[in-house]
Amino acid sequence: MTIKGLAVRQKPGKQRPGKPAAANRNNLGRWRSHILFLAAVLAVWELTARFSGVSPLLLPPLSRVMGSFWSDLGSGVLGQRIGFSLLIIFQGVALGAAGALLLSGAVWSGGRAAARVVDSLVAFLHPLPGIALLPLVILWAGTGRTAVLLIIVHSVIWPLTTNLTGGIRGVPEHLYDVSRNYRLGHLQMMTHLILPSTLPYLIAGLRIGWARAWRALIAAEMVFGAAGGRGGLGWYLFQQRVFMDTEGLFAGILVIMIIGVLFEELLFESLERSTVRKWGMSR
Amino acid sequence: MRLKDITILLAVLVLAGSCGGSEPASESDHQASKEHPSPQKNQKTLVVAEQYGLAYAPLQIMRAQGLLEAELPEYEVEWRRLGNTAAIREAMLAGRLDAGFMGIPPFLIGYDRGMEWRIFTGLSEAPLGLVSGEEGLRSLADFEPDDRIALPQPGSIQHILLSMACERELGQARALDDRLVTMNHPDGMNALLSGRGVSAHFTSPPYLMEELAAKGTHLVVSGREAMGGDFTFIVGVATNSLLQESPEAIGALRRALAQAVYLLENEREQVLELLSSEYGLEQETLSGYLDWEGMKYSQQVAGVERFIEFMRAQDYLESSFSVGQVLAGCVQPQELQANELPESKELPELQVSGQGGTDDD
């Protein structure tokens, strides 16, 4: 580290968080610790694998994992698996979010009875892991894409609904009073009051939904190979397992981790930064 | 570097240090448990894994009758039932198992990837086959892209047989690989018979018989047709360390197996009683299944060569090796001469298993 680098870094560190410069700096800092952490883990991994005498079937050296990663990327297999996974997760999250919006819309406008129904739905279905439903879903919808999609929607819709209804209930009563004083209509109240004030909840819910969707996808594919041979990363992992390709297994896990970090940082962080944090609703 | 960075580095190092420290230790623990008896009991342990299915029947008899325990009084015998071959392979790799029973292809894949293990006995030949519930699916060429085929897992004997059939009938071994759905046999049967989910199921006894007995199902291709000959379905596999260091355990396993097969053939009533509760089948039905054409319990190992050849040609195996390298004193019909081990007294082409059992005692 140069002295200059230190000097630059120390100064914004003293700034109050929340200001744009500091936020940016925090962001950079987080990336830096991610990368540093990763580099350290990888170095230790390579050294352990090479010099500890552990069987490469249990812990292959990083260099071989990367070899497997590049060759599967080059042959297009990995790209296809990633594409399938991302597409089905986007669809699942979109459908789940639409469902959750409808349900929480019903809670907002439908009065007490609707709220009770939605509450019971969430109470019964939210704790149910998607994978537990899979045998049933396969009976109803057959194996294949639809089954996996249904499981993903299930794992997205309930946490998102919980978050959204929580957000709607959290809108302070006096803001309703104010908007009524302004004689805002139903729609205007929705766009001017409810949506902005529930946005932090929506983003938090999407984050949870996104993570749940991944879990559901990987689990469904690994337990049942439900999407079959044209599946996503879960099928990829499963295939590496049954053919005892430990390098490939590690490569698959790395890909899932990297995708997770990228989306967290690029999508959710920037979404939060450009909305709720900019508006001062959360930090 | 900032304090935070250093903390992260330290955390990683500590974490790695603790893992690194425990790995060799656990390995040597494992060695120790094998070489030396466990400290308190002064007893060696033998951990054997089986799976579920009619092809494993001798193991269930062996277990219920305590045949192996009787042959190996100085050992503590532990039985594990695992759900699939991948799990057996992983447990063996982790040093938790000494011997296991599985299909030949998953064994070969493990051997190919560097697992130190060999086949020490055959267990059974069985009719396998691809069953469909859809009238239009009479041959592999009839399968449309939407038709799903259930089987235990890629790389399983069912999958390799399907690939063989595909190569034979469609000219391309991997032609149907993107239509596979992995299900264990009971789930696969339910999916097939409920008519939702899968168009066909590559399965083994007793599920094969149950599916074929159901209405509107038919056999698309049998394992024998796919293979182009007879083959051993399930073999017994042991780690090299067990084979080298505990030949008495291997001998006992073979003798107990021979006795179990003898019981299967000669004490039918007793065996039926035992197995019918195990498989939840009527005794009469079960008896029919045991007499089904192609159902045969024997310590012979057949078909390894053909599997190696095919799997090597189709890149399921990365390295080349010979039958002799993967077998540890097994009897092979035709392919090799019988060797010096006790079982070699048996005449391979006869129904010898029972005699083997009495001879060896």
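Side-chain atoms are counted along with the backbone in the values below, which use heavy atoms only and exclude waters and symmetry mates. We name chains A, B, ... by the order of the sequence lines, and we start the count at 1 in each one.
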> Is A/W140 in contact with chain B via its backbone, its side chain, both, or neither, using a 4.5 Å heavy-atom distance?
backbone

> Working to the nearest 0.5 Å, report the span between CG of A/L134 and CG of B/D187.
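One gets 9.5 Å once the value is rounded to the nearest 0.5 Å.
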
> So which part of B/N184 gets closer than 4.5 Å to some heavy atom of chain A, the side chain, the backbone, both or neither?
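Neither the backbone nor the side chain of B/N184 comes within 4.5 Å of chain A.
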
> Of the backbone (N, CA, C, O) and the side chain (C-beta and beyond), which part of B/E90 lies under 4.5 Å from a heavy atom of chain A, both, or neither?
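Interface part for B/E90: side chain.
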
> Testing the basics here: between A/L57 and B/G114, what is the closest heavy-atom pair and its distance to 0.1 Å?
CD1-C, 4.0 Å

> Most heavy-atom pairs under 4.5 angstrom with chain A, which of B/I149, B/I109, B/T85?
B/I109

> Around atom CH2 of A/W31, are there more than 12 heavy atoms from other residues, nucleotides or ligands closer than 6.0 Å?
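Yes.
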
> B/R113 side chain to A/F243 main-chain N or O, any donor-acceptor pair under 3.5 Å?
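Yes.
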
> To the closest 0.5 Å, what do you measure between CE (A/M244) and CG (B/D112)?
10.0 Å

> Which atom pair, heavy atoms only, marks the closest approach of B/T182 to A/F238?
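Answer, listing the atom of B/T182 first, then A/F238: CG2-CE2, 3.3 Å.
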
> Using a heavy-atom cutoff of under 4.5 Å, enumerate the residues of residues 150-159 of chain B that contact chain A, numbered in order, or state 'none'.
B/Q153, B/P154, B/G155, B/H159

> Please name the pair of heavy atoms, one in B/A87 and one in A/R241, separated by the smallest distance, quoted to 0.1 Å.
N-NH2, 3.6 Å

